2 protein chains.
Amino acid sequence: MDGLQILNANKIRPSGLRIKILEYILSHKTHPTIDEIYAELLKDNPTLSKTTVYNTTRILAENHLIKTITIDGQQVRYDGNVAFHGHFRCKNCGRIYDFNVNHVPEEAELKDFLIENMDVYYVGSCKNCNENL
Amino acid sequence: MDGLQILNANKIRPSGLRIKILEYILSHKTHPTIDEIYAELLKDNPTLSKTTVYNTTRILAENHLIKTITIDGQQVRYDGNVAFHGHFRCKNCGRIYDFNVNHVPEEAELKDFLIENMDVYYVGSCKNCNENL
DNA sequence: CAATTATATTGTAATCATTACAAAGTTATA
DNA sequence: TATAACTTTGTAATGATTACAATATAATTG
C-alpha cells in the first residue's frame, strides 16, 4: 500500500506533499527529524515550508500512521513503524536502533488505567561505537 | 540520609540551595518540573534564580542522585527515585504515576550494546479520570 | 465553465523551555 | 587578610515548535 492509498483509507486528503512526507517516513528506518525530512524533500520541492512538515507530521501522527519519538531531548523524531517496539539511542553516534520488546509488563498497579501509548527508550553506546573506541 | 550527607558522599559541595533542591525532589513524589521546584523554593529563598534550579538539577542528574523524566514533550521533570521503574502520564489530569516494571526485556538485538539508561513511558487516562468522566 | 467555498501551503512572527555567559556574591584556602 | 575557587544571579541568546495571516490550490456549486 503506497502513501496515496494509506491517506485515502484514513480520509486524509492526499496532497502531493502529504504523500511524499508519509512515504519518506515509511521508507526510511532512520527515525528522521523534521529538519532531516525537510532538507531531503526540499530537493524536489523547492518551495516546501518547514511549517508544512510540522503540520503534516502532526496530522499523520494524530491518525496513527506514524509514531512520534521523543527519545532525543532536543528534537522530535518520526517512525513509520507503528507496531510496539523499543528504541535505543547511541549517545556517541546519535543513531536510533529498533529492538523488540518481548515482555510487555502487565502492571497490576495500572489496573483500570487506559493505556494509549507505550514507549521504551534505552540510551547508551551502541555496538559499533563500542568496538571503535 | 539527608541532602547534606548525600551531597557530601558524592563530593558535591553542599550549598544551602543544593541541599534544599535535592531534598525537595527526594521528598516529593510528584515528579516536579523546574518551574514547580522554583516556585516552591522561592517562598523561602526570595533571591533564588531559575538558572540555579537548572544548574543544580543538571549536577544532581549527572551524579545520578535524581533522574530526568522526559515523558512530557514540553518540560523536563525530575524524580528522586533512581531505581528502575516505569512512568505513566495521564493526558487528562497531567499526573505522573510510578509503576513497577517486573520484566526488563533482555534483548538479543542489543548484544554488545552498553545500556546506560532505560525509560518506560506510558501515556493514557488514569483510573481516577476514567471514573469521573 | 465560472464562481465560490474549503482546504493546503507558505512565510513570518511569537512562544517558551533551556542554555550561555558575564557579573556579583560567597566560601575555602594560603 | 588576600587570593583563588566556586556558587548564584540576571539577562541575553538559542532553537524547536506553534500561531497566524496571506497566498495558492483543489473541490464544489450554479
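Treat the numbers as computed from the prediction; the structure is a model and nothing was measured. Sequence lines set the chain letters: A, B, ... in the order given, protein chains first and strands last, and positions in each chain run from 1.
The line from OG1 of T57(A) to CD1 of I66(A) is 5.5 Å long, rounded to the nearest 0.5 Å. Atoms CG and OG, on N132(A) and S125(A) in that order, are 10.0 Å from each other to the nearest 0.5 Å. For the atom pair CG of L7(B) and CG of L60(B), the computed distance is 6.5 Å after rounding to the nearest 0.5 Å. Rounding to the nearest 0.5 Å gives a distance of 5.0 Å between OG1 of T30(B) and OH of Y24(B). Between D2(B) atom CG and I19(B) atom CD1 the span is 7.5 Å, to the nearest 0.5 Å.
With dT8(D), dT10(C), dT18(C) as the choices, the nucleotide that has an atom nearest any side-chain atom of I34(B) turns out to be dT18(C).
Atom OH of Y38(A) and atom C1' of dA16(D) are 15 Å apart (whole Å). Put simply, CG on L41(A) is 12 Å from P on dT9(C), counting in whole angstrom units. If you take CG of N8(A) and P of dA26(D), they are 15 Å apart, rounded to a whole angstrom. Q75(A) places its CD atom 15 Å from the P atom of dT18(C), with the value rounded to the nearest Å. In this structure, K11(A) atom NZ and dT7(C) atom P are separated by 15 Å, rounded to whole Å. The CG-C1' distance, from N45(A) to dA8(C), rounds to 14 Å in whole Å. Residue L42(B) contributes atom CG, which lies 14 Å from atom C1' of dT8(D) at whole-angstrom precision. In this structure, Q74(A) places its CD atom 10 Å from C1' of dT14(D), rounding to the nearest Å.
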Next item on the list: Apply side chain to side chain contact (heavy atoms under 4.5 Å, CB included) to the pair E116(A) and V123(B), showing each step before the final yes or no.
Entry: CA-CA 6 Å; E116(A) 295 177 13; V123(B) 174; 5.6 Å; no
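With Y78(B) contributing its side chain and A61(B) its backbone, the two residues share no donor-acceptor pair below 3.5 Å. Between the side chain of Y121(B) and the main chain of T70(B), a donor-acceptor pair closer than 3.5 Å is present. For the pair R77(A) (side chain) and H31(A) (backbone), a donor-acceptor distance under 3.5 Å is present.
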Report, one pair per line, the protein and nucleotides 4-7 of chain D atoms (nitrogen or oxygen only) whose separation is under 3.5 Å.
residue : atom : partner : partner atom : Å
dT7(D)  : OP1  : R18(B)  : NH1          : 2.4
dT7(D)  : OP1  : R18(B)  : NH2          : 3.1
dT7(D)  : OP2  : R18(B)  : NH2          : 3.4
dT7(D)  : O5'  : R18(B)  : NH2          : 3.4

Close N or O pairs between protein and nucleotides 12-15 of chain C (under 3.5 Å):
residue : atom : partner : partner atom : Å
dT12(C) : O4   : T51(A)  : OG1          : 3.3

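Across K127(B) and F113(A), no two heavy atoms sit closer than the pair CB-CE1, 3.5 Å.
For Y54(A) and dT18(D), the shortest distance from a side-chain N or O to OP1 or OP2 is not below 4.0 Å.
Results of the salt bridge (Lys or Arg N to Asp or Glu O under 4.0 Å) test with K67(A) over D79(A), D98(A), D119(A) single out D119(A) as the only residue that passes.
Ring-centre distance between F99(A) and Y122(A): below the 6.0 Å cut-off.
Nucleotides of DNA chain D nearest to K50(A) and K50(B) differ in position, and the one nearer the 5' end is that of K50(B). Place V76(B) and N55(B) on DNA chain C by their nearest nucleotides, and V76(B) ends up nearer the 5' end.
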Check: According to the Watson-Crick and G-U wobble definition with distances under 3.5 Å, which dot-bracket string, read 5' to 3', encodes DNA chain D, using [ ] for crossing pairs and | for pairs with another strand?
Finding: ||||||||||||||||||||||||||||||
